[in-house]
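These notes concern the structure reproduced below.
For ligands, and for the atoms within them, numbers begin at 1 and follow the listed sequence. Values in this document were obtained by computation on a predicted structure and should not be read as measured data.
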Amino acid sequence: MYTKKVMKHFQKPKNYGEMKDADAIGTAGNERCGDILKIYLKIKNNKIQKISFETFGCPAAISASDVLCELCKGKTLKQALNITAKDISEYLGDLPKLKQHCSVLGKEALKKAIEDYKKN
Ligand code: FES
């Protein structure tokens, strides 16, 4: 069902874990399955210096969020917001159709984290 790349990011995500000194945190929930995902950001000079995530989501959500973190590192906040579900899906070599909705969870949490950062 999943590609090798999806399984690799699911089994050994590089960016999984809480960030104690985060500058911003965003949380998003998936209405279809009830899963929750949190994104942590460390920001310097308007760029994402460090990023990590935690989730109770499925393998697709874990892999997609790990890839999102990889794609966000070193990017400006605007560039990070412009990363699309298609970018993530292309990087992973496609997700099963039924799992497409899982890949947007990370993006929604990222958006909330950036909004939270801009408010402060
Ligand atoms: Fe819940 Fe994928 S089934 S995030």
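Side chain to side chain, Glu70 and Tyr91 fail the donor-acceptor criterion of an N or O pair below 3.5 Å. Inspection of the Lys73 and Asn15 side chains reveals an N or O donor paired with an N or O acceptor under 3.5 Å. No side-chain donor-acceptor contact under 3.5 Å links Asp66 and Ser63.
Remark: ligand 1 atoms within the under-4.0 Å shell around heavy atoms of Cys33 are 1 (Fe), 3 (S), 4 (S). Atoms of ligand 1 found under 4.0 Å from any heavy atom of Cys102 (numbered from 1 in listed order, with element): 2 (Fe), 3 (S), 4 (S). Residue contact check: Lys99 has heavy atoms under 4.0 Å from atoms 3 (S) of ligand 1. Taking every non-hydrogen atom of Ala61 and a distance limit under 4.0 Å, the qualifying atoms of ligand 1 come out as 4 (S). Within ligand 1, counting atoms from 1 as listed, the ones closer than 4.0 Å to a heavy atom of Cys58 are 2 (Fe), 3 (S), 4 (S).
For the pair Arg32 and ligand 1, no heavy-atom separation below 4.0 Å is found.
For the atom pair CG of Leu37 and CZ of Phe53, the computed distance is 7.0 Å after rounding to the nearest 0.5 Å. Interatomic distance, OG of Ser103 versus CG of Asp87, reported as 11.0 Å (0.5 Å rounding).
Among heteroatoms of the N, O or S kind in Asp35, OD2 lies nearest atom 1 (Fe) of ligand 1.
Within 6.0 Å of the NZ atom in Lys111, the count of heavy atoms belonging to other residues, nucleotides or ligands does not exceed 12.
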